[in-house]
Amino acid sequence: MSDLEITGAGDPGSDSDPLRSLADDNRRPAGLPAEEQAPAPPRQLVRRLAILVAPAVGLVLIFGLWELYVQATGVRPITLPPPSRILRHVVEEPGFYWEHSWITMQEAALGFWLGFAAALTVATFMAHSRFVERSTIPVIVLLQSTPVAVLAPVFLIWFGFNIWPKVLVAAVFCFIPFVMNAFTGLRAIDEGAYELMRSVSSSRWEIFWKLRLPHSMPYLFSSARICLGLALVGAVIGEMFAGSTGGLGNTARVGQTRLLVDQLWGSIFVLALIGVLANLFLAAVEARVLRWHSSQNVRR
Amino acid sequence: MRSVREAGAAVTLRGVSKWFIGRNDQTHALSSVDLDVAAGEFVSVIGPSGCGKSTLLRVVGGLVPYESGTVNVAGTTPAQARRTKQLSFTPQTPALLPWRTVRRNVRLLRELNSRRAAGESLSESEAVALLETVGLGDFLDSFPNELSGGMQQRVSLVRGFVLGAPVMLMDEPFSALDEITRNEMRYLLLDLWARTSKTVIFVTHSIPEAVILADRVLVMARRPGRVVWTESIELPRPREISIQDDPQYLEHVRRVRNALHEVSA
């Protein structure tokens with residue numbers, strides 16, 4: 001979008017250039033009606049169209065090649081069904097996929113928020129106390145170094161066959177990026193602004209609300225982008241290893257063990273769709289909340 | 001505060017000493033500094049790096065502790081002056097909050113510690129009027145990252161004045177600006193100051209800046225940090241850019257420069 005505007009403004013063929021359009025006018029063969037004149041030079045139209053279409057190119061290419069490959073080689077659907085067949089299957093079973101999506105989304109969302117709340121609380125204490133910071137960091141490193149997915153069976157023993165083992169796996173997944181980013185955001189504040197606020201005897205509380213927390217927002221959003229994906233991963237892993245009768249992780253596992261290939265791939269497609277939609281939603285929220293931040297200045 | 005004005009001194013330091021204790025050494029940052037700044041006076045503090053001029057400012061502002069001596073600001077201790085919002089601090093960087101618009105940034109100091117809202121803090125419309133006089137009328141609802149460095153520094157100056165505190169402390173606020181912008185900012189500051197008659201202590205590295213702005217220039221030496229020379233600036237006010245051609249101005253600059261040379265030698 002921005003590329004387009006920049007090139008458009010500097011383009012001598014731009015339709016906003018009055019001299020140029022006057023010259024075009026003069027060159028038009030006599031007797032030709034004005035409507036046949038293109039509103040913009042064709043080169044620019046093509047460019048504008050290309051930029052609009054660009055996001056779809058990669059996707060179309062991947063799925064197109066996949067479809068072609070399957071049709072051309074005749075590979076058996078059990079090995080790799082064509083995307084058209086998977087899509088048809090998903091569209092034919094909306095109730096089934098909605099039911100299981102709802103379960104997975106609940107687990108992921110609860111895990112996301114639980115991980116976020118825990119991380120923000122811990123990071124707040126860390127940002128205010130060197131002692132808490134120094135004593136907490138080894139625990140975080142330990143968590144970071146452990147493949148926490150192996151905790152899923154433990155959570156199953158503790159909480160039983162319900163939503164909580166899956167929520168907890170997702171929460172542990174989200175906790176780590178959230179806590180590191182939140183801590184950095186709360187701690188790495190502008191020294192001048194901090195001194196300025198101290199010069200009128202601001203309380204710690206005021207400095208937290210008016211300086212630390214807003215300063216950490218870009219950090220929280222960038223970790224939220226990572227954590228959206230991780231929350232889904234955590235929920236699915238929980239469903240696969242912490243005993244479940246529902247959710248897209250479960251439908252995928254059942255699809256594999258019972259050779260229901262369409263169901264296996266359908267679950268994958270729906271999970272991908274949920275991830276994409278969640279990311280788009282987050283990007284929209286971010287654009288609103290971080291209006292002041294340089295990351296949002298796409299028009300420059 | 002009123003009683004201070006009557007007494008004539010807004011800031012008084014008597015025998016103030018301050019040490020920085022490092023792991024292996026200790027630095028005598030301030031060595032029994034005496035200072036009287038009258039209410040409504042503009043004092044510039046200049047000196048080589050590490051002479052303690054910023055420390056002096058922070059001692060007056062109650063932002064760092066000191067070991068001995070007494071400091072009196074607006075008739076009370078620095079800590080109490082800070083609590084009652086009698087002090088306005090302008091840091092070296094604009095230190096604007098990037099998530100606040102210009103309008104909301106200048107309001108910040110008034111909002112903070114609000115139970116102690118200084119009685120003289122400017123109203124919303126007065127703050128906007130001040131922003132308009134510094135040429136930011138069209139940018140009231142802009143975010144800081146939409147402004148140039150000079151514009152950000154103007155917001156920072158206005159923010160200091162909006163608090164309405166009688167004593168203003170400025171720590172090299174123009175040091176990051178290019179020379180042309182910087183010179184403009186000096187006269188802009190003088191204009192704002194003339195409207196409000198605040199007491200200002202202004203730390204700077206620039207000799208012309210110190211002379212253009214101040215009623216008095218204090219030259220500091222380092223190790224130990226102390227005031228070694230006081231230059232009273234007799235230039236008439238209001239001062240305009242033409243004073244920089246005035247022989248008297250050049251003479252002041254020469255004398256401050258010589259004092260600095262002796263200190264650095």
Side-chain angles (χ1 to χ4, degrees), chain A residues 2 5-6 120 124 127-128 130 181-182 184-224 282-300, chain B residues 54 57-58 60-64 78-102 104-105 107-118 121 141-146 152-153 156 159-160 163-165 167-173 176:
Chain A
S2 59
E5 277 162 15
I6 289 159
L120 193 61
T124 301
H128 283 95
R130 286 269 171 205
N181 278 284
T184 310
L186 293 172
R187 172 61 70 77
I189 49 173
D190 180 68
E191 199 54 46
Y194 178 68
E195 210 168 30
L196 182 80
M197 292 176 84
R198 286 219 312 133
S199 77
V200 288
S201 274
S202 298
S203 61
R204 276 184 160 211
W205 183 243
E206 278 179 323
I207 289 174
F208 179 78
W209 271 113
K210 303 209 165 175
L211 182 60
R212 292 189 192 277
L213 197 60
H215 181 261
S216 67
M217 290 312 274
Y219 296 82
L220 292 177
F221 269 103
S222 75
S223 45
L282 183 71
V285 175
E286 188 176 349
R288 272 194 92 86
V289 176
L290 294 188
R291 212 152 39 95
W292 52 272
H293 195 248
S294 50
S295 67
Q296 303 302 318
N297 289 343
V298 279
R299 290 245 168 74
R300 290 211 166 162
Chain B
S54 281
L57 202 70
R58 281 171 176 71
V60 174
L63 294 168
V64 295
Q80 186 62 19
R82 208 153 61 89
R83 275 195 287 277
T84 51
K85 301 172 94 172
Q86 301 290 299
L87 281 167
S88 136
F89 181 72
T90 305
Q92 192 165 359
T93 58
L96 304 178
L97 301 185
W99 48 88
R100 285 180 169 236
T101 58
V102 166
R104 295 192 58 231
N105 256 295
R107 201 192 287 158
L108 176 73
L109 294 176
R110 199 181 48 187
E111 273 177 30
L112 295 167
N113 187 7
S114 56
R115 281 173 298 134
R116 295 285 193 164
S121 82
D141 297 309
S142 299
F143 288 102
N145 74 355
E146 297 166 319
Q152 293 187 15
Q153 200 51 263
S156 172
R159 178 184 58 197
L163 179 63
V167 177
M168 302 187 72
L169 308 174
M170 305 191 180
D171 186 15
E172 302 186 41

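A note on names: the letters A, B, ... follow the listed sequences, proteins ahead of strands, and every chain is numbered from 1.
Residues Val200(A) and Leu87(B) share a closest heavy-atom pair of CG1-O, 4.3 Å. Scanning both residues, Ala95(B) and Gly192(A), for their nearest heavy atoms gives CB-C, 3.6 Å. Taking every heavy atom of both residues into account, Ala193(A) and Leu97(B) meet most closely at CB-CD2, 4.0 Å. In plain terms, the two heavy atoms of Ser201(A) and Arg82(B) that are nearest each other are OG-C, 3.6 Å.
Of the inter-residue distances, the one linking Ser199(A) atom OG with Leu57(B) atom CG reads 10.5 Å to the nearest 0.5 angstrom. Remark: Gln92(B) CD to Glu191(A) CD distance equals 12.0 Å, nearest 0.5 Å. Remark: Leu196(A) CG to Thr93(B) OG1 distance equals 9.0 Å, nearest 0.5 Å.
Leu96(B) does not touch chain A: none of its heavy atoms, backbone or side chain, sits under 4.5 Å away. Contact annotation for Leu63(B): both backbone and side-chain heavy atoms come within less than 4.5 Å of a heavy atom of chain A.
Within residues 204-217 of chain A, the residues having any heavy atom closer than 4.5 Å to a heavy atom of chain B are Glu206(A), Lys210(A), Leu211(A), Pro214(A), His215(A), listed by residue number.
Side-chain N or O atoms of Asn145(B) include one that pairs as donor or acceptor with a backbone N or O of Trp292(A) at under 3.5 Å.
In this structure, Phe143(B) has no ring pair (Phe, Tyr, Trp, His ring centres under 6.0 Å) partners at least two apart in sequence or on a different chain.
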